[in-house]
Amino acid sequence: MGSRLIMLGPPGAGKGTQAVKLAEMLGVPQVSTGDMLRHAKSAGTPMGKEAARYMSEGKLVPDEVVIGIVDERLKELGSGGYILDGFPRTVAQATALDELGHVIDAVVSIEVANDYLVERITGRLACSCGQTYHRTNKPPKAKGICDACGSDLSVRADDTESVVRERLEVYAEHTAPLIQYYQAKHLLKPIDGVGEMEVVLKRILKELESVRKG
Ligand code: AMP
């Protein structure tokens, strides 16, 4: 009990990286809507094709599409715990999660000032296995190769500067209101996201101690 978590934060705050680490440490699956949508896009499914139109412009995929895939995945996972990465992203998605009966134990809100975000994202390198790297802050051991699985790394199609700026605006308008939404439910755990990955991870684990004992 106590490991049904949401990772909240602007693009580039380190949500995905921390979600992968936390999932490993807590022994629960990471559920990333961005990864699920990218897989659907590569597989060329009708849903993947529809989602790709929004993703390439930095816009949000319609709520009903994302709610459907998350509900299906959480039902498969049952009550064993999970880390939701990139969902919910709108108040409508958060409300749907509640209405569908998915109980959340805590919301980790990673806070990073806007000035850092563009630099962080445009240096980002990703692997299809879910690991992420950064050209300067967290380079892979061998250039362009994933340390974890040996596959080639790539730059995400939506990590270009103009799309990143759009994603930051979308975050401020649609996702930032979730901070208040979860604060009102006494679930919010604000975390200072500036610093080394391990330092931020320790801050998160410390905040979660009380929740996990609870
Ligand atoms: P991410 O990997 O979380 O940064 O997500 C990449 C892109 O996928 C976003 O910019 C959106 O276009 C789409 N996406 C991911 N999660 C959601 C969501 N919960 N709601 C709507 N769109 C999403």
Side-chain angles (χ1 to χ4, degrees), residues 4-24 26-90 92-94 96-97 100 102 121-135 138 140 142-164 166-168 170-171 174-175:
R4 292 165 298 185
L5 307 176
I6 288 173
M7 304 293 288
L8 196 61
K15 266 192 322 304
T17 308
Q18 297 294 348
V20 170
K21 278 279 159 200
L22 270 181
E24 260 170 43
L26 306 179
V28 296
Q30 172 213 12
V31 177
S32 157
T33 42
D35 286 348
M36 291 194 272
L37 294 168
R38 279 184 289 275
H39 283 144
K41 178 185 155 195
S42 326
T45 66
M47 189 269 278
K49 283 184 190 154
E50 193 203 341
R53 298 208 321 260
Y54 298 93
M55 294 167 82
S56 63
E57 291 179 13
K59 305 221 181 311
L60 293 181
V61 173
D63 287 333
E64 56 279 13
V65 174
V66 193
I67 291 165
I69 57 174
V70 171
D71 184 40
E72 198 176 308
R73 179 64 63 88
L74 296 189
K75 280 184 178 139
E76 279 165 20
L77 292 175
S79 58
Y82 41 77
I83 297 180
L84 277 174
D85 166 15
F87 182 95
R89 252 183 165 93
T90 63
Q93 292 177 15
L97 198 61
L100 290 163
H102 300 296
I121 306 182
T122 48
R124 195 149 78 167
L125 297 165
C127 181
S128 55
C129 77
Q131 290 289 334
T132 52
Y133 301 86
H134 189 279
R135 275 185 232 284
K138 189 194 165 198
K143 200 175 168 210
I145 306 288
C146 178
D147 296 350
C149 75
S151 303
D152 288 342
L153 299 177
S154 57
V155 175
R156 269 174 48 175
D158 58 350
D159 275 353
T160 58
E161 189 157 342
S162 63
V163 180
V164 167
E166 173 65 21
R167 284 162 62 203
L168 288 171
V170 166
Y171 173 83
H174 297 283
T175 311

**Student:** Holding to side-chain contact (heavy atoms from CB on, under 4.5 Å), I want the full list of residues that pass it with Glu64, two or more places apart in sequence or in another chain.
**Tutor:**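 If we apply the side-chain contact (heavy atoms from CB on, under 4.5 Å) test to Glu64, skipping adjacent residues, the hits are Pro62.
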
**Student:** Taking side chain as C-beta onward, heavy atoms only, is Val28 less than 4.5 Å from Leu5?
**Tutor:**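 When only atoms from C-beta onward are counted, Leu5 and Val28 do not touch, as no gap falls below 4.5 Å.
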
**Student:** Give me each pair satisfying salt bridge (charged side-chain N to carboxylate O under 4.0 Å, His left out) with a member in residues 121-134, each pair once, sequence neighbours excluded.
**Tutor:**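 Matches after skipping sequence neighbours: Arg124-Asp159.
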
**Student:** Show the nearest heavy-atom pair for residues Lys138 and Tyr133, with the distance to one decimal.
**Tutor:**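 What the structure gives for the nearest pair is O-CB, 3.3 Å.
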
**Student:** Tabulate below the donor-acceptor pairs under 3.5 Å that side-chain atoms of residues 48-61 make, not counting sequence neighbours, or state none.
**Tutor:**
{"from": "Ser56", "atom 1": "OG", "to": "Ala52", "atom 2": "O", "distance (Å)": "3.2"}
{"from": "Ser56", "atom 1": "OG", "to": "Arg53", "atom 2": "O", "distance (Å)": "3.3"}
{"from": "Lys59", "atom 1": "NZ", "to": "Glu166", "atom 2": "OE2", "distance (Å)": "3.2"}

**Student:** According to the salt bridge (charged side-chain N to carboxylate O under 4.0 Å, His left out) rule, which pairs have a member within residues 71-85, sequence neighbours left out?
**Tutor:**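 For residues 71-85, and leaving out neighbouring residues, the salt bridge (charged side-chain N to carboxylate O under 4.0 Å, His left out) pairs sorted by first residue read Asp71-Lys75, Arg73-Glu76.
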
**Student:** How close do Thr175 and Pro88 get, counting heavy atoms only, and between which atoms?
**Tutor:**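 Closest pair (atom of Thr175, atom of Pro88, distance): CG2-O, 4.4 Å.
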
**Student:** State, yes or no, whether a side-chain contact exists between Val66 and Thr90 at a heavy-atom distance under 4.5 Å.
**Tutor:**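 Val66 does not reach Thr90 side chain to side chain.
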
**Student:** Any side-chain heavy atom of Val70 within less than 4.5 Å of one from Leu100?
**Tutor:**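 The answer is no; the side chains never approach within 4.5 Å.
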
**Student:** Starting at OG of Ser32, measure out to CE of Met7 and round the result to the nearest 0.5 Å.
**Tutor:**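 Nearest 0.5 Å value for the OG-CE distance: 11.5 Å.
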
**Student:** Name all residues meeting the side chain to side chain donor-acceptor pair (under 3.5 Å) criterion together with Thr33; count only those two or more places apart in sequence or in a different chain, and write none if there are none.
**Tutor:**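 If we apply the side chain to side chain donor-acceptor pair (under 3.5 Å) test to Thr33, skipping adjacent residues, there are no hits.
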
**Student:** Pairs of donor and acceptor atoms involving the side chains of residues 145-153, under 3.5 Å and at least two apart or interchain, shall be tabulated with distances.
**Tutor:**
{"from": "Asp147", "atom 1": "OD1", "to": "Lys141", "atom 2": "N", "distance (Å)": "2.8"}

**Student:** Could you give the distance from CG (Leu8) to CG (Leu84), rounded to the nearest 0.5 Å?
**Tutor:**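 Going from CG on Leu8 over to CG on Leu84, the span is 11.0 Å.
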
**Student:** May I ask you to test the Leu125-Lys143 pair for a side-chain heavy-atom distance under 4.5 Å?
**Tutor:**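 When only atoms from C-beta onward are counted, Lys143 and Leu125 do not touch, as no gap falls below 4.5 Å.
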
**Student:** Under a 4.5 Å cut-off applied to non-hydrogen side-chain atoms, are Phe87 and Met36 in contact?
**Tutor:**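 No, their side chains stay 4.5 Å or more apart.
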
**Student:** Please find the pair of heavy atoms, one from Tyr171 and one from Pro11, that lie closest to each other, and give the distance.
**Tutor:**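 Result for this residue pair: CB-CD, 3.9 Å.
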
**Student:** Holding to side-chain contact (heavy atoms from CB on, under 4.5 Å), I want the full list of residues that pass it with Ser128, two or more places apart in sequence or in another chain.
**Tutor:**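 Ser128: no side-chain contact (heavy atoms from CB on, under 4.5 Å) contacts found.
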
**Student:** Going by the rule side-chain contact (heavy atoms from CB on, under 4.5 Å), which residues pair with Asp158 if we only count those two or more places apart in sequence or in a different chain?
**Tutor:**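 For Asp158 the side-chain contact (heavy atoms from CB on, under 4.5 Å) partners, ignoring immediate neighbours, are Arg156, Val163, Arg167.
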
**Student:** I'd like to check the side chain to side chain donor-acceptor pair (under 3.5 Å) partners of Arg89; sequence neighbours left out, ordered by chain and number.
**Tutor:**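 Expected list: none.
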
**Student:** Identify, with sequence neighbours excluded, every residue that meets side chain to side chain donor-acceptor pair (under 3.5 Å) alongside Gln93.
**Tutor:**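 If we apply the side chain to side chain donor-acceptor pair (under 3.5 Å) test to Gln93, skipping adjacent residues, the hits are Asp63.
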
**Student:** Hey, could you give me the CD/CD distance between Gln30 and Gln18, rounded to the nearest 0.5 Å?
**Tutor:**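 Between Gln30 CD and Gln18 CD, I get 11.5 Å after rounding to 0.5 Å.
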
**Student:** Out of curiosity, Leu97 CG to Arg4 CZ, how far, rounded to the nearest 0.5 Å?
**Tutor:**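 Going from the CG atom of Leu97 to the CZ atom of Arg4 covers 11.0 Å.
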
**Student:** Report the residues that fulfil side chain to side chain donor-acceptor pair (under 3.5 Å) with Thr132, sequence neighbours left out, ordered by chain and then residue number.
**Tutor:**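 Testing Thr132 for side chain to side chain donor-acceptor pair (under 3.5 Å), a comparison that skips the adjacent residues, returns Thr17.
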
